[in-house]
Each structure stands twice: as structure tokens, then as C-alpha cells.
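Reviewing the structure listed below.
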Amino acid sequence: MPGGRLEGVQGAERRAVCHAGSLDEFFSSSSQEFRFCGRLPPCETIVLLEPGATTMEIPRQTEALSGRSHAPGTAIEQLLRQGLRGEVVLATDAAYDEARRVWNGAIDKRPAAIVFCADPDDVVRAVTYARAQGHLVAVRSGGHNVAGLSVCDDGMVIDLSRMKKIAVDPERRIAWAEAGLTLGEFDAATQAHGLATTMGVNGDTGIAGLTLGGGFGKLGRKHGLSCDNLIAAEIVTADGRLLRTSAGEHPDLFWALRGGGGNFGIVTAFEYRLHPLGPTLLVGSVLHAYDRAREAMRFYDKFSRGAPDEVSVDSALVTLPSGERAFSISACYVGSPEAGKPVIAPLMRFGSPIESRLQAVPYLQIQSAGDSLFPRGRRYYWKAQFLREIGDGAIDALLDSYARAPNRSSLLVFQQVGGAIARVPASHSPYANRDAALDCFPIAIWDDPADDEANIRWARDLWNAVRPFSTGGVYANNLGDEGEERVRDAYGGNYARLAAVKKQYDPTNFFRLNQNIRPG
């Protein structure tokens with residue numbers, strides 16, 4: 001293999017490595033030698049690391065999608081005969097219902113075909129085939145989009161969730177990661193070397209959609225958004241080309257990928273800048289009774305706006321198992337736990353919380369702490385907007401609206417931004433709302449379809465109540481199916497440039513199941 005050599009892999013294992021996919025193209029220009037680690041099925045995982053680095057193996061989930069019943073001569077068989085290494089699941093297959101499901105259980109769409117890609121060449125084949133046949137295409141990696149844009153009715157889903165290779169270079173502090181990885185898998189691989197970069201807050205979120213929309217996370221105020229830490233990306237464009245993009249390679253396209261969403265092609269791999277971190281961080285959390293929530297929210301607003309970059313402090317209106325409402329604040333210090341204690345101390349001292357906790361917590365545990373609140377298969381709906389502060393008017397609207405939350409799972413979330421995010425010029429990447437302090441959004445969570453209307457109406461009413469106090473901007477990754485005007489609100493003055501890049505790389509709007517930017 002160009003630029004690489006096999007170490008300690010013999011016989012059947014050598015064949016398994018080759019079957020798992022070649023990384024020749026990625027390292028064809030490299031003079032360094034790398035170590036490959038292969039495993040036999042069912043994992044079929046290959047991880048490339050610097051000599052002496054630790055291997056991180058992430059199993060591919062293949063056994064659930066096995067049975068096929070494709071009739072010879074069908075159009076989809078033409079795709080299979082072209083050498084697809086992955087798998088196609090059709091509506092006639094036993095695995096179809098499982099394959100079409102996404103994270104949000106409220107989404108129930110029936111694509112004509114789901115193509116599980118094994119490598120970038122499969123993505124090229126799928127794009128080329130769909131374009132030639134005129135198929136509507138949805139792109140799925142983690143499937144976490146609240147509006148369900150990663151699946152479609154009647155068209156083709158191009159699914160990258162089995163593409164899970166990752167390479168960590170601990171000396172250069174760089175990670176190369178395929179688009180099928182979840183943030184939990186990515187974090188585990190980088191933390192094996194005491195490194196991390198900004199990722200989201202739910203472990204089974206896909207790194208692809210997260211990064212392409214911007215990428216909030218606990219490390220954002222210290223190290224910037226996920227897209228701010230992106231060094232390069234590999235992408236399949238609408239005309240079936242596989243391109244490497246960076247500041248020096250197709251720089252206009254690279255600029256658009258750092259926050260412009262899935263408008264410009266299918267990203268198959270990302271290269272990130274990493275930062276030393278952990279393994280533990282200091283976390284302080286407090287819970288205030290609802291009748292003290294007004295004072296606690298005022299304190300949170302002041303504390304969060306004055307916090308140093310090392311502090312990431314989020315909060316939420318919540319409902320306890322008893323049915324009582326409460327206001328929760330959680331702060332994480334991105335640095336040594338000892339250095340964080342005096343910084344977080346004011347949070348722990350304020351008021352008379354009904355519960356408080358201050359402890360050093362492993363970073364991986366912090367990253368997965370909210371997973372139980374957002375399991376796959378429940379029904380979700382939210383609407384988001386940015387705030388620069390939480391004034392008394394906003395507090396009144398929030399407390400009044402949250403008191404009418406339809407069930408105990410409903411949340412009103414404040415996610416802190418600012419810090420390093422705000423010091424990047426708005427034109428540096430498509431993510432334009434860098435002057436915001438907080439992302440504010442109601443999250444409706446429920447299970448019974450009969451409750452859809454009540455939960456969606458509650459979230460919309462709360463959003464409308466807070467609307468007069470917002471900046472007018474919105475985070476692209478928190479958009480639902482809200483139309484072109486709100487997409488423009490996400491990108492502000494960067495929209496025209498994004499439309500121009502869209503026209504260059506996708507003039508027919510082939511990739512349109514996203515927060516769509518029309519070619520301009």
C-alpha cells in the first residue's frame with residue numbers, strides 16, 4: 001500500500017484488512033509509515049495510527065441488515081452490479097423497517113431504497129446512480145436531525161453509518177475520522193491519547209451533521225466550534241467527484257463546509273485539530289426550586305456572561321419525577337479541576353438549591369451524561385433562537401410558558417456559546433451568529449402519537465413568547481422544517497456567498513434535503 005506497511009497482520013487477518021477497505025488514496029502522498037490493525041468479521045474495522053500509538057477499534061453493525069430479496073434485472077441491481085461493497089435494503093427486505101428508522105420517532109418515512117455505503121467509492125456509485133435515475137436523495141450518518149431530513153419518502157437514502165474508520169496522530173494532535181462515527185465513538189478514540197476537540201452533547205449524534213452545521217459542545221468556548229477545528233474534509237460532490245478540501249484545496253468549498261450544512265455534497269471524512277484534555281474535568285451542578293427560579297435565572301445570566309472561556313455553563317427548566325418544576329444549572333471547567341474550583345464556587349454558593357454537587361468527572365462521562373434524556377425512538381420537536389442575555393421580560397415569558405409543559409420530559413434549554421466562538425469573524429465560516437451568548441430552545445419529548453399536537457403547540461407557543469427577546473438568529477443544527485427565511489437567519493450576511501458556492505458545486509440543487517441553500 002502506498003505510504004504504509006502492514007505490521008503483525010498475517011494470513012486471514014491480512015485479507016480482512018484488505019476487505020475492510022483501502023486507505024491508499026488518503027496516504028498516497030505521504031512518505032511516513034503507518035501501522036494497520038485488522039480484525040475479522042463481524043467487526044471489519046480498520047484503524048490507522050502512527051507507530052507506537054494505541055489502536056481504537058469501533059465495531060461495524062452489520063448483522064441486523066442481512067436478508068436481501070432483490071429481483072434480477074431491477075434498476076437497483078444495476079447499482080449492485082457496479083461493484084457496491086456495501087448493502088442495499090429495499091421495502092421488500094425483512095430489515096427494511098429497522099433500516100429506515102431515525103433517532104426522532106415522530107419521523108415515519110418510507111424510502112424506495114437505503115444504500116449502506118462501505119467506503120467513499122460506494123458513495124460515488126450511489127450519487128452517480130441516483131443522479132442518472134433522477135432519484136430524490138437523503139443523506140444519513142447519525143440520523144439525529146430533528147426534522148428527519150436524513151430520510152425521505154420514495155427516494156434513496158445514502159447512509160454512511162457503517163463508515164467508522166478513525167486515525168489519531170497524538171504527536172501532531174490531529175484526527176482523521178470517517179463520517180459514520182458518532183461523537184461518543186470519536187471522543188473515545190481521541191481520549192485514549194488524552195486529546196479531544198469540540199463535539200456535541202449526545203453520545204449517538206453523528207459527527208458529520210454536527211460539524212457541517214457548526215458544532216456546539218462543552219469545549220466550544222475554549223477551543224471554538226467543531227467546524228472551527230476542521231482542517232480538511234473529503235467530499236463527494238453532485239457530479240460524482242471525490243475531492244479533498246482544505247484551506248489550500250478547493251478553499252471556497254472548504255469554507256462552505258464549515259457550517260453550511262449538507263448543501264454541497266456528501267462528506268465522507270473529516271480531519272480535526274485536537275487539544276489536550278482530561279481525563280477528568282470539574283463539574284458543578286445545582287437545582288433550584290421553581291419558586292426560586294426567577295432569581296436563579298438572573299444569577300445564571302450574570303454568571304454565564306462573566307465566565308472565562310474555560311467555563312461552559314448550561315441550564316434548563318426541568319420537571320422532576322415528583323412532577324415539581326425546577327431550574328437546573330450545570331457548569332464544566334475545561335482545565336485542571338483544582339484551577340476550576342474558585343471559578344465555579346459562586347455557582348455553588350448562590351441561593352438555597354434543593355440539590356448541589358461539585359466533583360471531578362471523566363470527560364467521556366460528561367459527554368454521555370445527557371444520553372438517557374434523548375434515547376432513540378421517542379418523539380421530539382423543538383424550535384431554537386439565540387439570545388444575548390436573559391432579561392426580566394424573557395424570564396417572565398419562559399416561566400409562564402414552561403409551567404404549562406405537557407409532560408415531565410419537556411425541557412427548556414439554555415446552551416451557552418460565546419468565548420472563543422465569538423472571537424472568530426462572522427465571515428470566517430458560514431456560522432454567522434457569533435455574537436450570541438445563549439441558544440434557547442424548548443424541547444418537547446413524548447411517546448404517544450395522539451399527543452403530537454399538544455406537544456408541538458406547546459413548543460411553538462414558548463418559542464413565540466421568547467421571540468421578542470431574541471437576536472433573530474438561529475443555529476442551523478437546531479432548525480426544523482421552518483423554511484428558507486429561517487435558513488437565511490442562520491447564515492446572515494454569509495448566505496449570498498453560500499449560494500454562490502452552491503451554484504458552483506451543485507447547480508441543480510441535487511442535495512436539497514437539508515437546511516437548503518438555493519443555487520444563486
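- Between Asp439 and Ala384, the closest heavy-atom pair is OD1-CB, 3.8 Å.
- Salt-bridge formation is detected for the pair Glu178/Lys165: a Lys NZ or Arg NE/NH1/NH2 atom is positioned less than 4.0 Å from an Asp or Glu carboxylate oxygen.
- Applying the salt bridge (Lys or Arg N to Asp or Glu O under 4.0 Å) criterion to Glu389, with sequence neighbours excluded, gives no partner residue.
- A donor-acceptor pair is defined here as one N or O able to donate and one able to accept, closer than 3.5 Å; such a pair exists between the side chain of Gln515 and the backbone of Leu479.
- Sorted by first then second residue, the salt bridge (charged side-chain N to carboxylate O under 4.0 Å, His left out) pairs that include residues 188-200, not counting sequence neighbours, number zero.
- Between Leu438 and Tyr300 there is a side-chain heavy-atom pair separated by less than 4.5 Å.
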Inset, instruction - Decide side chain to side chain donor-acceptor pair (under 3.5 Å) for Thr198 and Arg221; before the verdict, give the C-alpha distance in whole Å, the side-chain angles of both, and the deciding distance to 0.1 Å. - result: CA-CA 9 Å; Thr198 306; Arg221 287 173 46 78; over 6 Å; no
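- When side chains are defined from C-beta on, Leu160 counts as touching Ile158, because their heavy atoms get closer than 4.5 Å.
- Formation of a donor-acceptor pair under 3.5 Å by the Asn514 side chain with backbone atoms of Gly262 is found in this model.
- Note that the CZ atom of Arg258 and the OG atom of Ser226 stand 12.5 Å from one another [nearest 0.5 Å].
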Inset, instruction - Before giving the answer on side-chain contact (heavy atoms from CB on, under 4.5 Å), spell out for Leu347 and Ile329 the whole-Å C-alpha distance, their side-chain angles and the decisive distance to 0.1 Å. - result: CA-CA 8 Å; Leu347 171 68; Ile329 308 174; 3.5 Å; yes
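- For the side-chain hydrogen bond (donor to acceptor under 3.5 Å, both in side chains) test, no residue two or more places apart in sequence or in another chain qualifies with Arg357.
- In terms of the ring pair (Phe, Tyr, Trp, His ring centres under 6.0 Å) criterion, Tyr491 has no residue partners (sequence neighbours excluded).
- Checked against salt bridge (Lys or Arg N to Asp or Glu O under 4.0 Å), Arg325 has no partners two or more places apart in sequence or in another chain.
- Within 6.0 Å of the CZ atom in Arg292, the count of heavy atoms belonging to other residues, nucleotides or ligands does not exceed 12.
- Other residues, nucleotides and ligands place no more than 12 heavy atoms under 6.0 Å from the CG atom of Asp481.
- Residue Phe386 holds its CZ atom at 11.0 Å from SG of Cys440, rounded to the nearest 0.5 Å.
- Taking all atoms of both residues into account, the shortest heavy-atom contact from Ala293 to Leu399 is CB-CD2, 3.9 Å.
- Under the side-chain hydrogen bond (donor to acceptor under 3.5 Å, both in side chains) criterion, Tyr475 pairs with Asn477, sequence neighbours left out.
- Nearest heavy atoms, Ala444 versus Ala459: CB-CB, 4.4 Å.
- Classification of Arg423 and Asp309 as a salt-bridged pair holds, one side-chain N sitting under 4.0 Å from a carboxylate O.
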Inset, instruction - Report the C-alpha separation of Arg101 and Asp108 in whole Å, then their side-chain angles, then the decisive distance to 0.1 Å, and conclude whether the salt bridge (Lys or Arg N to Asp or Glu O under 4.0 Å) test is met. - result: CA-CA 7 Å; Arg101 289 195 182 100; Asp108 184 21; over 6 Å; no
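- Ala420 approaches Gly224 most closely through the heavy-atom pair CB-N, 3.9 Å.
- Asp159 and Arg140 are joined by a salt bridge, as a carboxylate oxygen and a charged side-chain nitrogen come within less than 4.0 angstrom of each other.
- In this structure the side chain of Val474 reaches within 4.5 angstrom of the side chain of Arg486, judged on heavy atoms.
- Atom OG1 of Thr319 and atom CG of Asn407 lie 8.0 Å apart (nearest 0.5 Å).
- Here the closest heavy-atom approach between residue Glu185 and residue Thr182 is recorded as OE1-N, 3.0 Å.
- Side-chain atoms of Trp458 do not come within 3.5 Å of backbone N or O of Pro442 as any donor-acceptor pair.
- With 3.5 Å as the limit, one finds no donor-acceptor pair spanning the side chains of Asn229 and His223.
- Residues satisfying the ring pair (Phe, Tyr, Trp, His ring centres under 6.0 Å) test with Tyr363, not counting sequence neighbours, are none.
- Between the side chain of Thr190 and the main chain of Asp187, a donor-acceptor pair closer than 3.5 Å is present.
- Salt bridge absent: Asp301 and Arg298 never bring a charged side-chain N and a carboxylate O closer than 4.0 Å.
- Considering every non-hydrogen atom in both Ala269 and Trp176, the closest pair reads CB-NE1, 3.6 Å.
- Within the 4.5 Å cutoff, the side chain of Ser410 has heavy atoms near those of the Asn455 side chain.
- Salt bridge status for Asp314 with Lys218: present, with a side-chain N to carboxylate O gap under 4.0 Å.
- Applying the ring pair (Phe, Tyr, Trp, His ring centres under 6.0 Å) rule to Tyr272 yields the partners Phe186, Phe270; only residues at least two apart in sequence or on another chain are considered.
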Inset, instruction - For Ser336 and Glu338, run side chain to side chain donor-acceptor pair (under 3.5 Å): C-alpha distance rounded to whole Å, both residues' side-chain angles, the deciding distance at 0.1 Å, then the answer. - result: CA-CA 5 Å; Ser336 74; Glu338 285 303 314; over 6 Å; no
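- Residues in residues 303-345 take part in these ring pair (Phe, Tyr, Trp, His ring centres under 6.0 Å) pairs, two or more places apart or across chains: Phe299-Phe303.
- Checked against salt bridge (Lys or Arg N to Asp or Glu O under 4.0 Å), Lys222 has the following partners two or more places apart in sequence or in another chain: Glu310.
- For Tyr380, the ring pair (Phe, Tyr, Trp, His ring centres under 6.0 Å) criterion is met by Trp103, not counting sequence neighbours.
- Every residue two or more places apart in sequence or in another chain that forms a salt bridge (Lys or Arg N to Asp or Glu O under 4.0 Å) with Asp447 is listed here: Arg378.
- Between Asp228 and Arg434, at least one side-chain nitrogen of the basic residue sits less than 4.0 Å from a carboxylate oxygen of the acidic one, meeting the salt-bridge criterion.
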